[in-house]
Amino acid sequence: MPTPPAPTTPPDAGAPARRPAARRRGPGWVPREHGAWAMLVVPVLVGAALTSPTWRNGLLLVTWLVAYLAFHATGLWLRASRRPRYLPPVRAYGIAVVVLGGTLLAAAPGLLRWAPVYGVLLATSLACSLRRADRSWLNDGVTVGAAVLMTVVSAGLGRDGTPPATALTGTWVPPGADDTAAWAVTAVLAGYFLGTVPYVKTLLRERGSRAVLAVSAGWHAVLVLAAGAVLVARLADGRSGGTGAAVALVVVALALLARAVLVPRRRPWPSPKAIGFGEIAATLAVTTTALTLPSLLP
């Protein structure tokens with residue numbers, strides 16, 4: 001009588017059952033530019049602090065952040081030749097911006113006076129994305145400009161700012177444009193954040209480039225001269241108030257110049273994490289100093 005064949009073992013017997021592959025979320029939902037968040041948040045918070053924050057400042061911040069998500073997703077979609085898989089975040093964030101923006105405008109219709117300014121900035125940046133020039137100097141400058149202008153926009157919504165329900169008739173004056181302190185702080189934040197563009201390039205995409213290093217060092221040297229001019233004007237004015245703020249401005253500008261010159265020369269190169277922590281520290285120092293600037297004004 002023949003012996004029956006031994007039972008065969010399935011190839012996967014004893015191995016854990018395979019779980020179905022998780023469906024990965026499509027691109028465009030979460031930006032990878034983590035350093036952009038400070039530049040987005042700080043101007044809105046500083047503008048609100050200058051004129052006493054209200055609930056409108058909170059709504060502005062949420063709307064602004066969602067608008068950035070929509071902007072990022074749209075830029076990615078354009079650079080990807082408008083492929084359908086990049087469209088869902090554009091659609092979702094776009095709808096959210098319409099809802100939030102409509103609510104904000106209903107509470108502060110005077111914000112529509114900023115529409116021409118941000119329309120030009122948005123069109124320029126999206127054109128750069130369409131040309132796959134999103135890392136260009138032009139696009140970097142435009143995005144920084146849009147971010148720092150939120151200082152004045154946010155100041156206009158504060159309790160002591162331009163009334164948020166201002167009618168749209170009359171002279172074209174952006175909300176908060178009559179607030180000298182808001183514009184002075186905006187100038188300081190603009191100087192700092194514009195300086196981060198060449199500085200970060202010297203550490204990442206343009207490592208070793210003497211030209212970019214020269215631009216970065218030169219820009220920060222101009223900031224030192226500007227801060228020094230403020231200090232000299234304060235001392236010549238003869239008023240005691242605000243001298244400490246002017247000195248702090250010079251100290252911070254000198255520290256930023258030293259960072260722009262010395263850090264790119266370090267070996268080994270700083271890690272992205274170290275660069276990020278350095279940016280957080282610098283942003284806190286600049287923000288704290290900027291908030292003291294109103295004491296310099298008459």
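Worth knowing before you read on, the calculation uses all heavy atoms, side chains too, and leaves out hydrogens, waters and symmetry mates.
The main-chain N or O of R83 is never found under 3.5 Å from a side-chain atom of S81 such that the two would form a donor-acceptor pair. Under a 3.5 Å cut-off, the side chain of T51 and the backbone N or O of A155 do form a donor-acceptor pair. At least one donor-acceptor pair under 3.5 Å links the side chain of R265 to the backbone N or O of V261. Of the possible donor and acceptor atoms, one in the side chain of Y118 sits under 3.5 Å from a partner among the backbone N and O of A146. Using a distance-only test at 3.5 Å, with no hydrogens or angles considered, no donor-acceptor pair links the side chain of S216 to the main chain of V212. Formation of a donor-acceptor pair under 3.5 Å by the R207 side chain with backbone atoms of L203 is found in this model. Between the side chain of T196 and the backbone N or O of F193 there is at least one donor-acceptor pair closer than 3.5 Å. Listed for the S295 side chain is a donor-acceptor partner under 3.5 Å among the backbone atoms of T292. Using modelled atom types, no side-chain atom of S209 and backbone atom of E206 make a donor-acceptor pair closer than 3.5 Å. The closest donor-acceptor contact from the side chain of S154 to the backbone of V44 lies under 3.5 Å.
Linking ILVMFWY side-chain heavy atoms closer than 4.5 Å, directly or via other members, places V188 and I280 in two distinct hydrophobic clusters. Cluster annotation: L204 and V263 are assigned to the same hydrophobic cluster (Ile/Leu/Val/Met/Phe/Trp/Tyr, side-chain heavy-atom contacts under 4.5 Å, transitive). With hydrophobic clusters built from ILVMFWY side chains whose heavy atoms lie under 4.5 angstrom apart, V148 does not share a cluster with L284. In the hydrophobic cluster analysis, where Ile, Leu, Val, Met, Phe, Trp and Tyr join through side-chain heavy atoms closer than 4.5 angstrom, V62 is grouped together with L111. Hydrophobic clustering, with ILVMFWY side chains joined whenever heavy atoms are under 4.5 angstrom apart, keeps V200 apart from L213.
Side-chain contact of Y192 with T283: a donor-acceptor pair under 3.5 Å is present, judged by distance alone. For the residue pair T202/R210, the side-chain donor-acceptor check at 3.5 Å is not satisfied. Side-chain atoms of N139 and S125 form a donor-acceptor pair, as typed in the model, at a separation below 3.5 Å.
Contact of the P31 side chain with the W37 side chain is registered, since non-hydrogen atoms from C-beta on lie closer than 4.5 Å. W137 is listed as a side-chain neighbour of V215, based on a closest heavy-atom distance under 4.5 Å. Put simply, the side chain of Y93 reaches to within 4.5 Å of the side chain of W29, judged on heavy atoms.
Within 6.0 Å of the CZ atom in R82, the count of heavy atoms belonging to other residues, nucleotides or ligands does not exceed 12.
Residue A182 comes nearest to T151 through the heavy atom pair O-CG2, 4.1 Å, listed as atom of the first residue, atom of the second, then distance. What you find for G195 and H220 is that their closest heavy atoms are O-CE1, 3.4 Å. In this structure, W219 and L194 approach most closely via the heavy-atom pair CZ2-CB, 3.8 Å. Nearest heavy-atom pair across P264 and R259 is CD-O, 3.5 Å. Shown here for A245 and L296, the closest heavy-atom pair between the two residues is CB-CG, 4.2 Å. Across all their heavy atoms, A49 and L291 have their closest contact at CB-CD2, 4.2 Å.
Among V222, V224, L262, the single residue meeting the side-chain contact (heavy atoms from CB on, under 4.5 Å) criterion with L257 is V224.
Between R135 and D140 there is no salt bridge, since no side-chain nitrogen of the basic residue lies less than 4.0 Å from a carboxylate oxygen of the acidic one.
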